[in-house]
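Notes follow once the structure below has been shown.
Every chain is numbered from 1 and lettered A, B, ... according to where its sequence line falls, protein lines coming before strand lines.
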Protein chains: 2
Amino acid sequence: MDRLETRELAYFVAVAEELHFGKAAERLGIAQPPLSRAISRLERRMGVRLLERTSRRVALTDAGAVFLGESRQLLDSLDAAVRRAQRARQPGRLVMAVRPGSASGLVADLVRSAEVGSHDVVFTHDRPAALRDGRADVALLCIGTDDLTGLRTAVLTEEAPYALLPRDHPLARRTVVTVAELAQDAHFDPECPTVGLDEIVDRVVLGRLVTVVGSGAVERIPSEVAAVPVSDLLPTRLALAWPEGASRPAVTAFVRSARAAAARRALDAKDTGAVAVQG
Amino acid sequence: MDRLETRELAYFVAVAEELHFGKAAERLGIAQPPLSRAISRLERRMGVRLLERTSRRVALTDAGAVFLGESRQLLDSLDAAVRRAQRARQPGRLVMAVRPGSASGLVADLVRSAEVGSHDVVFTHDRPAALRDGRADVALLCIGTDDLTGLRTAVLTEEAPYALLPRDHPLARRTVVTVAELAQDAHFDPECPTVGLDEIVDRVVLGRLVTVVGSGAVERIPSEVAAVPVSDLLPTRLALAWPEGASRPAVTAFVRSARAAAARRALDAKDTGAVAVQG
DNA sequence: AGGGTCGATACCCTGAAGGTATGGATCGTC
DNA sequence: GACGATCCATACCTTCAGGGTATCGACCCT
């Protein structure tokens with residue numbers, strides 16, 4: 001059995017998603033008969049029935065469901081591979097993905113301290129995806145909220161959790177709150193939201209949201225929003241992440257220097273007390 | 001830019017490994033000119049120079065080195081995807097990879113307790129690879145010694161470390177030893193070896209090896225070999241592992257029942273004291 | 001029964017992939 | 001420094017896999 005071609009994977013994904021040969025063919029920009037043949041040949045070569053089809057119904061078999069997931073992942077990985085190779089043209093240049101609004105002093109420190117060539121920082125909400133699709137080489141993300149599958153991480157720092165509340169909220173003048181107290185509010189959403197900080201702030205100001213952010217974000221909120229330490233939440237662990245099997249020396253060099261920079265920052269913070277948990 | 005085909009990846013890998021178009025073409029079973037053209041077209045479509053070539057020398061560019069790693073991984077993943085789909089034909093049937101000689105009561109318990117359909121157990125030394133290439137659905141491996149990249153794990157049990165020594169070894173009659181004491185022996189090899197237990201035993205009997213194994217293996221060694229608890233090593237953590245993104249319900253069901261079985265085992269052991277660390 | 005829908009089959013055709021011959025650059029050697 | 005050897009690139013030809021059109025056959029719904 002010779003090797004499957006990516007075209008065949010793309011064809012199968014289209015049919016598996018549409019569950020309709022005609023629609024899938026249209027989506028692929030080809031006619032229906034060649035698509036039928038391609039799928040048949042694919043099944044024959046794999047030795048597995050992927051789709052159960054009558055003239056009225058197309059359905060995935062168990063094997064087909066598995067292969068659909070695998071195929072999607074493979075096609076994504078292929079695109080990622082190309083992007084990574086394209087960006088590796090400048091071997092020293094790294095791209096770091098950061099959530100908009102989270103570019104605190106930490107990010108500046110990382111960029112400043114890196115010994116490797118030049119850097120770019122892309123701001124995007126879906127940082128794990130940016131790593132997986134090859135748009136970025138490293139990313140700053142939260143352990144526990146972000147999806148870490150396929151990524152390696154190095155914890156850089158911990159951020160104390162702060163509740164964001166409207167100025168006139170009953171809990172706004174407290175020195176410390178608990179999750180249970182916050183949960184009283186109908187607008188409480190404990191998930192580290194995937195939207196930008198600016199949008200979070202807007203929604204809090206309007207009384208539409210009560211949520212928790214890391215201490216790094218506190219210095220960036222306007223006076224209309226109160227930030228109150230949360231006593232019974234574990235600190236958010238901020239980590240530098242990069243794809244497994246990253247073969248670029250610049251990545252490992254950057255990780256090393258980032259660890260050192262984070263350690264220095266932690267020392268400074270202890271000395272001055274500026275970023276202490278108690279605020 | 002339309003999508004790269006796996007054939008192009010395979011061609012590139014061949015050239016990148018041989019660093020010689022003629023040799024690579026021979027390996028691929030095609031003539032040299034089509035290979036040259038395929039690589040050129042690949043580079044043109046990607047917009048990146050992958051190989052630096054003169055009539056005397058072929059070398060990888062930085063981008064090429066990155067793309068080589070990515071391509072290898074993609075081709076492996078493709079083969080794995082096909083195998084996984086093929087085996088998913090029997091959705092209930094699971095294949096578990098176990099190291100030869102480590103099929104202690106734990107494995108039997110796992111297989112017995114599983115609620116899902118039928119199971120197979122394959123015995124192989126390279127269990128992580130068996131998971132990655134799709135030969136197995138789950139595997140039993142050691143955290144700390146096996147490579148866990150791309151795998152999810154659930155720790156099932158901890159095994160106390162025992163030193164294996166020839167019967168007539170100076171330390172053989174001790175009730176407990178330390179790593180420092182073992183290290184005196186020129187044949188001491190602390191790495192959890194990747195060979196089978198039978199080979200380990202053979203080498204220990206011949207006085208060619210002193211090593212450490214988990215308590216599960218102790219009941220399987222002959223009387224010519226002494227097993228002495230090691231006091232200053234952390235217990236080996238045995239974990240069930242499976243590939244990230246496994247989309248088969250049978251896998252998650254098996255993991256759940258395995259966790260339960262391991263918990264029951266731990267309780268039994270505590271009651272009877274049979275597998276206690278003190279032996 | 002008849003029309004509509006949809007996947008499979010039959011048959012044809014185009015173009016991409018592969019083969020052969022050869023060019024052109026570079027290195028080693030006498 | 002001319003010559004041969006080596007090796008990648010180019011030119012040109014050939015083949016067949018992949019795609020198109022027409023149509024069949026199965027199935028559902030009035």
statement: Contacted region of DNA chain C by chain B, from 5' end to 3' end of the hits, cut-off under 4.0 Å to heavy atoms, spans C:dA17 to C:dC27
- prompt: Are B:Arg72 and B:Glu17 ion-paired here, with the side-chain N under 4.0 Å from a carboxylate O?
  reply: yes
task: May I ask you to say whether A:Arg45 pairs ionically with A:Asp2, meaning some side-chain N is under 4.0 Å from a carboxylate O?
output: yes
- line: Taking every heavy atom of A:Arg53 against every heavy atom of A:Ser40, the minimum-distance pair comes out as NH2-OG, 3.7 Å
statement: Between B:Pro128 and B:Asp147, the two heavy atoms sitting closest are CB-O, 3.7 Å
Interatomic spacing from [atom1] in [X] to [atom2] in [Y] - rounded to 0.5 Å:
{"X": "A:Phe254", "Y": "A:Leu240", "atom1": "CZ", "atom2": "CG", "value": "6.0 Å"}
{"X": "A:Arg208", "Y": "A:Ile200", "atom1": "CZ", "atom2": "CD1", "value": "16.0 Å"}
{"X": "B:Arg57", "Y": "B:His20", "atom1": "CZ", "atom2": "NE2", "value": "13.5 Å"}
{"X": "B:Leu50", "Y": "B:Glu43", "atom1": "CG", "atom2": "CD", "value": "5.0 Å"}
{"X": "A:Thr153", "Y": "A:Ile143", "atom1": "OG1", "atom2": "CD1", "value": "4.5 Å"}

message: What's the angle between the local helix axes at either end of the helix from C:dA1-D:dT30 to C:dC30-D:dG1, using five pairs per end and rounding to 10 degrees?
response: 20°
task: Measure the distance from CD on B:Glu52 to C1' on D:dC7 and round it to the nearest whole Å.
output: 16 Å
field: Per-nucleotide protein contact string for nucleotides 17-30 of chain D, where B marks a base within reach and S marks sugar-phosphate only (heavy atoms under 4.0 Å, - for neither)
entry: -SBBBB---BBS--
- request: Could you verify whether a donor N or O on one side chain and an acceptor N or O on the other, from B:Gln73 and B:Ser77, lie under 3.5 Å apart?
  value: no
query: Does a side-chain N or O from B:Arg53 land closer than 4.0 Å to OP1 or OP2 of D:dA9, or not?
result: yes
